[in-house]
Amino acid sequence: AEYMGETMEAAITKLRGLVIGATGATGRELIDEIVRSSNWDKVYVIVRRKIDRWDKFTPEQAAKLEVIEVKSLDELEDTPKWNRFADCHSVFNCLGTRTKEGEAQFYKVDYTYVEWSARIGIANKIPHFSHVTSGSASPDSMFFYLRTKGQIEETLKKMKFPVLSLLRPGAIQNRDNDDRILERIVKYLPFWPKIETATLARAMRIDAERIHLQQKIDPTKNLVNVYENSRIVEIGSATN
């Protein structure tokens, strides 16, 4: 496939992104990051509902956000329907649910929807896919949660984006919409890797900006960047 990067990557001035999972804890922080950054002039979101938080944006910030509402994320399966993102530089996937919702639903959100999102990226020739996975993810894990996370990592690698970013955070702290009991407990365990939701989102934005604006994408390569928790914290704490 010919990627937009083959003709455009050297001359980018403003970035455009597509965010899947924009109403979740990390996604909503990522939208804040993007609309506040002068490096971006558009972010598309595919969501089941708008959230009040977006009504508080300034007019300049609100102008960057294009909300596409769907009845269900099952609509992501219809790849040709989403051929409207050819101007995008990065797809960000922030989807995630809990295993207590049942294994079938968990697999649908954390594997199937992610794969469909990536297919939309490939179909639109978007050169960078950024995905929030999990520390210790492995397709061979005995734990269903970590096994599913590892399986989707392997599937994304096979899709051969020019650049794939896999962010593997530890326990995510301060989810303003979705407090999880395990993550409340590990907050008090000094040896357990952890990260603030806002830091994770900031790292996603900065990583994409570095890839496009500093490193430049080589569309003939299939780079895979795997960021463990300590590296995500480092990127998300940068001054830029």
Side-chain angles (χ1 to χ4, degrees), residues 1-22 26-27 30-31 33-35 37-47 63-70 73-95 109-133 151-167 201 203-227 235:
E2 281 192 13
Y3 281 86
M4 57 184 287
E6 290 180 287
T7 54
M8 289 183 59
E9 202 65 2
I12 292 174
T13 53
K14 296 287 184 184
L15 296 172
R16 295 187 161 208
L18 167 63
V19 179
I20 313 290
T26 305
L30 178 59
I31 297 303
E33 283 287 330
I34 289 175
V35 300
S37 169
S38 59
N39 289 319
W40 300 80
D41 69 0
K42 175 71 76 176
V43 57
Y44 301 96
V45 298
I46 301 173
V47 292
K64 294 183 182 183
L65 179 65
E66 184 164 328
V67 179
I68 302 156
E69 291 189 74
V70 292
L73 291 183
D74 289 353
E75 293 179 43
L76 295 173
E77 184 178 15
D78 185 5
T79 311
K81 170 181 173 177
W82 303 107
N83 64 353
R84 53 191 290 181
F85 304 120
D87 62 338
C88 284
H89 302 90
S90 294
V91 182
F92 300 95
N93 180 72
C94 305
L95 285 171
V109 173
D110 282 69
Y111 185 95
T112 307
Y113 286 166
V114 180
E115 182 181 17
W116 291 346
S117 304
R119 283 187 191 164
I120 290 168
I122 293 290
N124 284 276
K125 300 183 173 59
I126 302 172
H128 174 228
F129 192 89
S130 178
H131 174 60
V132 179
T133 169
Q151 287 168 347
I152 192 59
E153 283 188 8
E154 293 308 307
T155 295
L156 292 172
K157 288 175 189 173
K158 289 174 187 161
M159 296 179 86
K160 299 197 179 304
F161 282 92
V163 184
L164 171 65
S165 295
L166 296 173
L167 293 92
M204 295 182 82
R205 173 183 63 78
I206 290 172
D207 173 54
E209 290 171 355
R210 288 177 176 174
I211 285 166
H212 293 292
L213 303 175
Q214 293 177 23
Q215 297 158 5
K216 313 295 184 195
I217 285 179
D218 180 346
T220 65
K221 299 270 176 68
N222 305 121
L223 283 180
V224 179
N225 299 323
V226 180
Y227 302 122
I235 296 169

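Everything numeric here is computed off the predicted structure, so don't read it as measured data.
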Set of residues satisfying side-chain contact (heavy atoms from CB on, under 4.5 Å) with respect to Glu75, sequence neighbours excluded: Val70, Lys71, Lys81, Trp82

Rounded distance (nearest 0.5 Å) linking atom CD1 of Ile126 with atom CZ of Arg16: 12.0 Å

Main-chain N/O of Ile122 paired with Lys125 side-chain donor or acceptor, under 3.5 Å: no

Reported OG1-to-CG distance for the pair Thr133 and Leu167, which is rounded to 0.5 angstrom: 9.0 Å

Approximate separation, where rounding is to 0.5 Å, of Ile34 CD1 and Asn39 CG: 11.0 Å

Leu164 CG to Lys158 NZ distance, which is reported to the nearest 0.5 Å: 13.0 Å

Residue pair Ile211, Asn225: steps toward the side chain to side chain contact (heavy atoms under 4.5 Å, CB included) verdict: CA-CA 10 Å; Ile211 285 166; Asn225 299 323; 4.0 Å; yes

Test side chain to side chain donor-acceptor pair (under 3.5 Å) applied to Ser37 - qualifying residues, sequence neighbours left out: Glu209

Partner residues of Glu33 under the side chain to side chain donor-acceptor pair (under 3.5 Å) criterion, sequence neighbours left out: Arg205

Check against side chain to side chain contact (heavy atoms under 4.5 Å, CB included), Ile120 and Leu18: CA-CA 10 Å; Ile120 290 168; Leu18 167 63; 4.2 Å; yes

Backbone N/O of His212 and side chain of His89: donor-acceptor pair under 3.5 Å: no

Stepwise side chain to side chain contact (heavy atoms under 4.5 Å, CB included) check, Leu73 with Trp116: CA-CA 10 Å; Leu73 291 183; Trp116 291 346; over 6 Å; no

Whether over 12 other heavy atoms sit under 6.0 Å from Lys14 NZ: yes

Residues Arg119, Glu115: salt bridge by 4.0 Å N-O rule: yes

CE-CG distance between Met204 and Leu30, expressed to the nearest 0.5 angstrom: 5.5 Å

Lys64 side chain vs Trp40 backbone, donor-acceptor pair below 3.5 Å: yes

Side-chain donor/acceptor of His131 to backbone N/O of Leu166, under 3.5 Å: no

Any residue meeting side chain to side chain donor-acceptor pair (under 3.5 Å) with Asp207, in chain and number order, not counting sequence neighbours: Ser165, Tyr227

side-chain contact (heavy atoms from CB on, under 4.5 Å) against Asn222, all qualifying residues, sequence neighbours excluded: Lys160

Intermediate values then yes/no, side chain to side chain contact (heavy atoms under 4.5 Å, CB included), Arg210 and Ile206: CA-CA 6 Å; Arg210 288 177 176 174; Ile206 290 172; 3.5 Å; yes

Side chain to side chain donor-acceptor pair (under 3.5 Å) involving Thr79 - partner list, sequence neighbours excluded: none

Pairwise distance CG(Leu95) to CD1(Ile20) - rounded to 0.5 angstrom: 7.0 Å

